[in-house]
Amino acid sequence: MIEVNNLTKVYPSGKGVFNVSFKVEKGEVFGFLGPNGAGKTTTIRQLLGFTNATEGNCTINGLDTRENAHLIQRDLGYLPGEIAFFDKMNGHDFLNFISELRGKNSDIRKEELIRYFDLDLNHKIRKMSKGMKQKLGLIAAFMHDPDILILDEPTSGLDPIMQKKFIDLIKAEKERGKTILMSSHIFDEVEKVCSKAAIIKEGRIVVIEDIQKLKSNRQKSFIVNVNDEKDLNTILNSKLNTKHLENNTVEIFISDNYNEMIQVLSSVNVIGFEETHQSLEQAFIHYYGKEGE
Amino acid sequence: MSWALFKYNIKNNYFIWILLTSIFIFYFSIILTMYDPESMKALDEVLEMLPEAMVKALGFADFGSTLYSYLASYLYGFLVFLFPIILSIIINHRLVAVLTDKGSMAYLLATPNSRTKIIITQMLFSLVSISVMFILYTLISIVFAQIMFPNELDIGKYLLLNLNTLILYFAIGGIGFFASTIANDTNFSLGIGVSVPVLFLVFQMLGNADNKLSFFHGLTLFSLLNTEAIENDIPFVIISIIVSLLIAAILYGLSIYIFRKKNLYV
């Protein structure tokens, strides 16, 4: 359905994406993961036909995305990563404008989505908060009920309740057979909805994998506080992968060897225990072995 | 073309359009009321008190003896270009460069409208906005002239003069549109869109100011409008119109071609 074939796009600065290839099958929710600046938006721009590839190409439904952008757009919903609306409009004006540009029947889900995201459209876009703008962008991307959705950082700016609502919407769309590509720099978000993910780093794909497999291989870390130095040494001297942080605090890295950690911790006096939320970069540096590579 | 986008352009630009068109027509009215066949000499005397080079630079060369020659020399030497140029610089800049720079172009391209359709819509708006301004100005100016000085104005010549001027605007406007299209940011678009027409205006003024400097006329597109030629050299007028049309066609045509091909980092 969506195919990226050996795509290389080099900017004058030398940055860009290099030899990127992946496929999103019909009905699949595909996560495109990478830290900021890794090349996610560069790849997505090419999928929308905004730029000319240095080499390679992208197709959607077999059509070249650069040559046939306007044909592909009939059945595609797009959420840009950087929200740049038409400032002077209010929310209503904007959605009407977009649906008029799209042509007949292109706002069939508008009212339903406005209610779903609970958005007041009577504000000038210039005065909207980042979260409101993000909701408006999502409504514009979904309102014509397209079969394919390309969403660049869809949850940025949304509060946790709206993030949950967004995740639920994606799940529902998946049930309805929609094909979705969403980029993110947050692993947790992708892991909740996507069945497959590609991870990109410095312009190159490092892995394309089923989400379950990525999850099980993903290293987790916990910050543990203990009472005294004796307990601290017990942990540091165990077989666990650890890092001494400060005083009686230690970070423990595990993948699926929870039992091992619990056994060690049960022999000491734990006074603090919390899971760290790893950035994506840490997550897949660990996934791919040691830092520095 | 996309009517939805055309309407958006109207909403986005009507204020500046009405403002500049009104000032333009108002300015004409004032010049018109100053016309008095009996006292043209008095006006000449007033102008003689000013430095000669400055008077010439503004195109106030020879007021002649008819309403046509009065308007031609007072308005069409220099001032007639001012308001339409400001309008076309602002509008052309907004039509493409602002949308690209701010990223809102992404929303236009993410609809089933081809780049060709989008850029042709913007081109049509660029041409229509300046044409409507000028046609309205022409009609109102004729009505005013007829009311104040019945049958004094040679309407045939006056219409030809304005046709020639309008077509020349298309060429000048083409520069701004071209700059707006090739620009990836607004600074570049405004930089070229403002500096080239202003440079042409300066050359025009220098060329007018002194016979020794008349070679400057060869460096400015504005010399394609020759008000005397309309009275006595029709072939020049025809060539001028054809050349202006060609320049406009090349600039707008290139803009369409480049917009279809370029990278849009939106």
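Each chain gets a letter, A, B and so on, in the order its sequence line appears, and its residues count up from 1. Side-chain atoms are counted along with the backbone in the values below, which use heavy atoms only and exclude waters and symmetry mates.
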**Student:** Taking atom types as modelled, which donor-acceptor pairs link chain B and chain A at under 3.5 angstrom?
**Tutor:**
residue   : atom : partner   : partner atom : Å
Lys7(B)   : NZ   : Glu100(A) : OE2          : 2.7
Asn12(B)  : OD1  : Lys88(A)  : NZ           : 3.1
Ala110(B) : O    : Arg102(A) : NH2          : 2.6
Asn113(B) : ND2  : Leu101(A) : O            : 3.0
Arg115(B) : NH2  : Gly49(A)  : O            : 3.0
Arg115(B) : NH2  : Phe50(A)  : O            : 2.8
Arg260(B) : O    : Arg66(A)  : NH2          : 2.6
Lys261(B) : O    : Asn52(A)  : ND2          : 2.6
Asn263(B) : OD1  : Lys9(A)   : NZ           : 3.1
Asn263(B) : OD1  : Asn52(A)  : N            : 2.5
Leu264(B) : N    : Phe50(A)  : O            : 2.8
Tyr265(B) : OH   : Lys9(A)   : NZ           : 3.4
Val266(B) : O    : Arg45(A)  : NE           : 3.2

**Student:** Suppose we screen for side-chain contact (heavy atoms from CB on, under 4.5 Å). Which residues come up paired with Ala38(A), at least two apart in sequence or across chains?
**Tutor:**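 Per chain and number, Ala38(A) pairs via side-chain contact (heavy atoms from CB on, under 4.5 Å) with Pro35(A), Ile200(A).
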**Student:** Is there side-chain contact between Leu101(A) and Leu5(B), with heavy atoms separated by less than 4.5 Å?
**Tutor:**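 Yes. Closest side-chain heavy atoms under 4.5 Å.
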